[in-house]
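Step one of this worksheet: look at the structure below.
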Amino acid sequence: MKQSKLDKLLLRMTQEEKLAQVFQLAACCYEEDFVPDFTGPMRDIQVDDTLKKTAGTVIGILEPEQMLRLQKLCASGPNRIPALFMLDVIHGFKTIFPIPLGLASSWDPELMRRTCRIAAREARASGIHATFAPMVDLVRDPRWGRVMESTGEDPYLNSVFAKAAVKGFQGNGVGEKDSLASCVKHLAAYGAAEAGREYNTVDMSRGMLRDMYLDSYRAAVEAGCRLVMTAFNTVERVPATCNKWLLETVLRKEWGFDGVVITDWNSMNELIAHSVAEDGGEAARKALEAGVDIDMMSGHYLFDLGGEIEKDSALQPLLDQAVMRILKLKNEMGLFEDPSRGTDPELARSLCSSEEHRLTALEAAQRSMVLLKNEEILPLKQGCKLTVAGTMAGQRDLLGGWSIMGNPEDGISLIDALKAGGAALSIPGTGWTDKEEVCRLAKQSEVTLLACGEPAEETAEANSKTALRLKAPDMELLRALKAQGSRVVLLVFSGRALVLSDAEPLCSAILQAWFPGTEAGHAIADILFGIEQPEGKLTVSFPYAEGQLPIYYNCFRTGRPKLPEKAGDKYVSHYTDCPNEPLYPFGFGLSYTSYEYSALKLSGSILRPSETLEVRVRVKNTGARAGTEIVQMYVWDTCGSIVRPVKQLRGFTSLKLHPGEEKEAVFTLTEEDLMFWDNEECRKAEPGRFIVMAGPDSQRLLEQEFYFSLT
Ligand code: GLC
């Protein structure tokens with residue numbers, strides 16, 4: 001439909017229709033026997049036929065056939081405006097991939113794109129038009145349960161994955177029948193909730209916000225995402241949902257975003273709890289003035305905005321602007337010409353959990369796993385006598401949080417996978433954590449596999465924790481097994497970096513499996529028996545202790561850095577009861593082979609604007625098995641006008657190496673890689689001495705210096 005037709009449509013719309021267009025209704029409201037059981041103003045909602053026909057967007061999912069019937073109803077409204085159906089398709093639709101924190105451990109943006117592309121095809125054929133993903137919040141604190149939805153603690157890596165996810169969801173553009181409009185979230189800095197406590201205050205300098213937290217949202221916008229979701233939290237003491245600086249100055253004017261801004265669930269109503277709005281009318285007005293286009297489930301746009309506009313007609317153009325943005329998105333997706341465009345129940349049935357999609361899920365699950373320790377016990381031999389125990393051994397749901405449409409039964413269980421993998425299994429018939437029985441069986445086995453961590457329901461939203469250690473039954477088993485000399489492989493399922501420092505000395509190997517998704521069973525067996533080797537690397541730091549949190553690699557040096565050469569110094573920045581460093585650092589991961597790094601070389605010693613500096617490092621496979629090594633490159637600005645992180649990831653690549661083979665990893669540095677935001681909101685690179693580093697993780701690095709000069 002031409003813009004002129006959209007303009008005429010807007011003119012024809014009544015105020016009631018406009019207020020319904022900027023409102024999002026839950027799919028369950030369309031069910032025959034629906035009874036409102038929402039919190040907040042929505043509890044009073046009267047879902048009559050008019051509202052069903054005029055609600056602009058719908059959240060939730062019904063069966064494809066129901067979506068088709070619903071869309072016909074929506075498109076039969078006074079102006080026949082189709083609805084936009086939206087859902088949290090975070091790491092897969094029916095075929096579930098590893099949680100984003102796991103997938104990110106592959107350090108492969110192309111894999112991220114591929115999995116999002118599959119999710120889009122399955123979801124769109126099932127009737128969904130837009131997904132509330134990718135979540136690109138930077139997270140430095142695993143006490144926050146939603147770290148599982150993120151790709152970790154690094155702004156550069158998060159930006160790379162953000163772009164890849166948007167490209168995957170939207171494919172060749174939202175006009176395509178297999179595209180899923182991407183809604184990046186949660187603008188901004190939701191992952192910086194104080195003390196990792198869910199929905200808690202976020203407060204930081206604008207410089208830190210710009211330098212560390214905003215890059216990944218901007219990357220998603222630059223990749224063409226069509227929606228942005230506001231965060232629950234405050235930004236500079238103003239809730240994101242009514243933060244005009246964030247939504248207008250940064251998002252619209254600086255980044256040029258022209259899509260749709262939607263609140264998070266009921267976050268408009270939360271402006272009252274935040275104490276920046278007296279009532280729903282003020283909340284609606286403040287959100288509209290800040291630039292919010294869709295109200296997700298608070299009802300204040302539907303119930304209260306009309307009254308605010310009667311009091312102040314200057315708000316009307318803002319409402320019209322919000323409505324037009326939504327109409328434009330629907331128009332871009334071709335929904336005016338064909339409201340059911342892309343919805344195809346037959347195609348959905350053939351795509352969802354198809355063999356082809358499950359093969360990608362298997363690959364993604366294998367590549368998401370991170371080997372944290374291995375004292376020559378993995379891979380297991382075929383026919384290995386294996387005792388399996390632990391609180392997670394019998395866990396059937398290894399899909400992880402935000403796997404709304406996934407079915408754990410689609411995959412095989414860990415036990416079935418181990419049997420299929422060729423293990424001679426001993427299973428404690430009296431319970432997975434029956435210490436006496438497990439120890440008895442372990443004495444007759446070569447290896448004990450202790451499946452531990454946290455169940456999926458203890459992760460994701462509203463699941464902040466202060467204690468991150470393994471469950472007591474698992475630790476008791478571990479101590480008893482160690483005491484009797486049994487060799488233990490720790491298989492950790494979690495949606496976050498747990499504290500493994502108590503467990504580490506008691507086991508011979510640790511495999512961090514995250515939540516691997518539909519193909520979890522097969523992938524774990526393939527890795528344990530060496531059919532595939534673990535090659536993932538961490539994108540979050542694993543702490544020694546909760547007391548270190550937040551912990552992250554790209555920290556500042558402080559005025560009293562703890563220096564190796566002055567280990568005994570008391571008056572330096574340190575703890576008396578714990579190291580400063582994490583147990584496992586950002587970028588760390590082992591494999592079944594080994595690598596040696598050497599000969600870090602630069603193509604010159606001075607970098608100037610508009611020039612490039614080539615960085616080369618040699619990597620040799622010194623093990624007996626071929627493998628793919630993720631090589632990382634970091635930069636340190638050794639002296640600036642403001643303090644600068646001790647290192648920042650600025651490049652990574654993968655090298656496939658046969659045993660004994662040596663190759664060079666090559667990176668290119670430009671002025672862009674040296675830039676940062678200062679305290680005057682200026683982004684720049686400053687002349688001076690820099691150190692470039694390259695290695696297998698953020699701690700084991702070769703170094704070389706160079707200078708950046710403006711002349
Ligand atoms: C939730 C989450 C958000 C999600 C939305 C819709 O509260 O914060 O990430 O997309 O509601 O389910």
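In each ligand, atom 1 is the first atom listed, and ligand 1 is the first ligand listed. For clarity, every value in this text was computed on a predicted model and none was experimentally measured.
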Note to self: Between Y199 and W265 (judged by ring centroids, cut-off 6.0 Å), do the two rings come close enough to count as a pair?
What the structure shows: no
Check: Would R206 count as a cation-pi partner of W245, with NZ or CZ less than 6.0 Å from the six-membered ring centre and within 45° of the ring normal?
Finding: yes
Checklist line | Identified side-chain hydrogen bond (donor to acceptor under 3.5 Å, both in side chains) partner of K465 from the options E454, E198, E546 | finding: E454
Using residues 68-75 as the side-chain source, report each donor-acceptor pair under 3.5 Å to any protein atom, sequence neighbours left out, with the distance given to one decimal.
residue: Q71; atom: OE1; partner: A83; partner atom: N; Å: 3.0
residue: Q71; atom: NE2; partner: A83; partner atom: O; Å: 3.1
residue: Q71; atom: NE2; partner: P339; partner atom: O; Å: 3.0

Note to self: Consider side-chain contact (heavy atoms from CB on, under 4.5 Å). Of T54, L302, T57, I294, which one does F23 pass it with?
What the structure shows: L302
Notebook entry, point to check: Can we call the ring centroids of F97 and H91 under 6.0 Å apart?
Noted result: no
What does the N/O contact table under 3.5 Å look like for ligand 1?
residue: ligand 1; atom: 7 (O); partner: D264; partner atom: OD1; Å: 3.4
residue: ligand 1; atom: 7 (O); partner: E461; partner atom: OE1; Å: 3.1
residue: ligand 1; atom: 7 (O); partner: E461; partner atom: OE2; Å: 3.1
residue: ligand 1; atom: 8 (O); partner: R146; partner atom: NH1; Å: 2.7
residue: ligand 1; atom: 8 (O); partner: D264; partner atom: OD1; Å: 3.2
residue: ligand 1; atom: 8 (O); partner: D264; partner atom: OD2; Å: 2.6
residue: ligand 1; atom: 9 (O); partner: R146; partner atom: NH2; Å: 2.7
residue: ligand 1; atom: 9 (O); partner: K185; partner atom: NZ; Å: 2.9
residue: ligand 1; atom: 9 (O); partner: H186; partner atom: NE2; Å: 2.6
residue: ligand 1; atom: 10 (O); partner: D88; partner atom: OD1; Å: 2.5
residue: ligand 1; atom: 10 (O); partner: K185; partner atom: NZ; Å: 3.0
residue: ligand 1; atom: 11 (O); partner: D264; partner atom: OD1; Å: 3.2
residue: ligand 1; atom: 12 (O); partner: D88; partner atom: OD2; Å: 2.5

